[in-house]
2 protein chains.
Amino acid sequence: MEHTPIACSHHDHNHCISDALEAARQLCVGRGVRLTDLRLQVLELIWQNHKPLGAYTLMEMLAKANTRRVAPPTVYRALDFLLEQGLIHRINVLNAFIGCPSPTTKHQSHFLICRACGIAIELDQPQLSQQIIGVAQDAGFQVESQSLEVSGLCANCAGNTEHDGHGHE
Amino acid sequence: MEHTPIACSHHDHNHCISDALEAARQLCVGRGVRLTDLRLQVLELIWQNHKPLGAYTLMEMLAKANTRRVAPPTVYRALDFLLEQGLIHRINVLNAFIGCPSPTTKHQSHFLICRACGIAIELDQPQLSQQIIGVAQDAGFQVESQSLEVSGLCANCAGNTEHDGHGHE
DNA sequence: TCAGCTATGTTACTCTATAACCTTTCATCT
DNA sequence: AGATGAAAGGTTATAGAGTAACATAGCTGA
Ligand SMILES: [Zn+2]
Ligand SMILES: [Zn+2]
Ligand SMILES: [Zn+2]
Ligand SMILES: [Zn+2]
């Protein structure tokens, strides 16, 4: 149930993609929603990148992969679906999207975002969510969703401060 | 083209604005930075609204108030200055800006945002900031800034939606 | 005064996202 | 199989948010 942070550049990423896609397929079957070719392709591209990906970058990738023009509404509709199903998260501070490693478990959007390499590490800290809910309740506020975006330097980049070409692309 | 009036009329908002502006003046004098007419005007408009305000809404207000055209870079530069000095915060989820009630104290951007009335309540929870830093450190992450944006219903709006059947459009 | 810096004005542009409308695809019912 | 209605995707146009690049004005300190 714990998802390993993705800061390490030496994990089997192909495996990690295929796992996520298979999980997404099963999740959609279970919910009776349609993971169409387009939606699957968008999810795959997002996972391949392993970093938050902008909608327009995604559009270019789709256009290249499909040899057809892909207009903004097309990709935004796919993104909306994936967001609704919890298969991806939106990183507001970057206007970008990233795959969720545990879409079956309901949780909030808590990320560590490295300003040097651009990686986004999803946190799995239910007690942090709970503390936030508590603080909100003290103010009479009824929480519906949380977005925590912590910016700074990841372990890799904090170590390599002499040069930033640490190659996590 | 119309800007919505102030949400909460139950506190002395004029006093609240003038306090904030006076604090800003002193803060800028103390730091040796220039709170120009434009910057002050932008800060005042943001405080008058008491809700997160988009840059383009602000532009329209400035244009009306000054009877002159105000282009995007003008307002964005003023906003950048105010952000740097900690006089306002940016609400990422809304692409909007709101005044900070305690600009002299260094702190993170933690907000409760009501989806019904649009109000944004700034939290003052240093121990929450600390816990977030702790969680990040456990992942070897070096925190530079935090953005916590909690969406839901404020105390006012949560109360008013309990009997929601009468269809008050 | 002059030079140099900071702030603002101006034009044009990029990036992000959505509205409105039409066509295709797909599951379901007859 | 054929009809049908809803969901998904295609297309065009536009709205909304933010920045680059360069010109001008205005303050500041020799
Ligand atoms: Zn997640
Ligand atoms: Zn990094
Ligand atoms: Zn503040
Ligand atoms: Zn409210």
Checklist outcome for this item: Rounded to whole Å, CG of B:Asp37 lies from P of C:dA7 at a distance of 13 Å
Checklist entry - Rounded to the Å, how far apart are B:Gln41 CD and C:dT8 C1'? => result 13 Å
Checklist entry - B:His89 and B:His110: aromatic ring centres closer than 6.0 Å? => result no
Next on the checklist: Counting only side-chain nitrogens and oxygens, does B:Thr74 get under 4.0 Å of the OP1 or OP2 atom of C:dT8?
Outcome noted: no
Checklist entry - Given atom CD of B:Gln85 and atom P of C:dT6, what is their separation to the nearest angstrom? => result 14 Å
Next on the checklist: Side chain of B:Ala71, heavy atoms from C-beta onward: which of C:dT10, D:dT12, C:dT8 has the nearest atom to it?
Outcome noted: C:dT10
Item to check | Approximate separation, where rounding is to 0.5 Å, of A:Cys117 SG and A:Ile119 CD1 | outcome: 5.0 Å
Next on the checklist: Taking any heavy-atom pair under 4.0 Å as a contact, classify B:Arg77: base, sugar-phosphate, or nothing.
Outcome noted: base
Checklist entry - Tell me: CG of A:Leu53 to P of C:dT16, nearest whole Å? => result 10 Å
Item to check | Donor-acceptor side-chain pairing of B:Gln142 and B:Glu144 below 3.5 angstrom | outcome: no
Item to check | Interatomic distance where CG belongs to B:Leu40 and P belongs to C:dA7 [whole Å] | outcome: 15 Å
Item to check | Ring centroids of A:Tyr76 and C:dT18 base under 5.5 Å with planes under 30° | outcome: no
Checklist entry - Okay, side chain of B:Lys51, backbone of B:Ile46: is any donor-acceptor separation there less than 3.5 Å? => result no
Checklist entry - OP1 or OP2 of D:dG9 sitting under 4.0 Å from any side-chain N/O of A:Thr36? => result yes
Checklist entry - Out of B:Val33, B:Val42, B:Leu43, B:Thr36, which one pairs with B:Phe81 under the side-chain contact (heavy atoms from CB on, under 4.5 Å) rule? => result B:Val33
Next on the checklist: Could you tell me how far apart B:Tyr56 (OH) and C:dT16 (P) are, to the nearest whole angstrom?
Outcome noted: 14 Å
Checklist entry - Under 4.0 angstrom, heavy atoms only, what part of the nucleic acid is B:Arg39 near: base, sugar-phosphate, or nothing? => result sugar-phosphate
Next on the checklist: Expressed as a whole number of angstroms, how long is the span from A:Leu94:CG to C:dC15:P?
Outcome noted: 16 Å
Checklist outcome for this item: By nearest-heavy-atom nucleotide on DNA chain C, the more 5' of B:Val33 and B:Pro72 is B:Val33
Checklist entry - Rounded to whole angstrom units, what separation is found between the CE atom of B:Met59 and the C1' atom of D:dT19? => result 13 Å
Next on the checklist: Using heavy-atom distances to pick each residue's nearest nucleotide on DNA chain D, tell me which of B:Ala96 and B:Arg34 is more 5'.
Outcome noted: B:Ala96
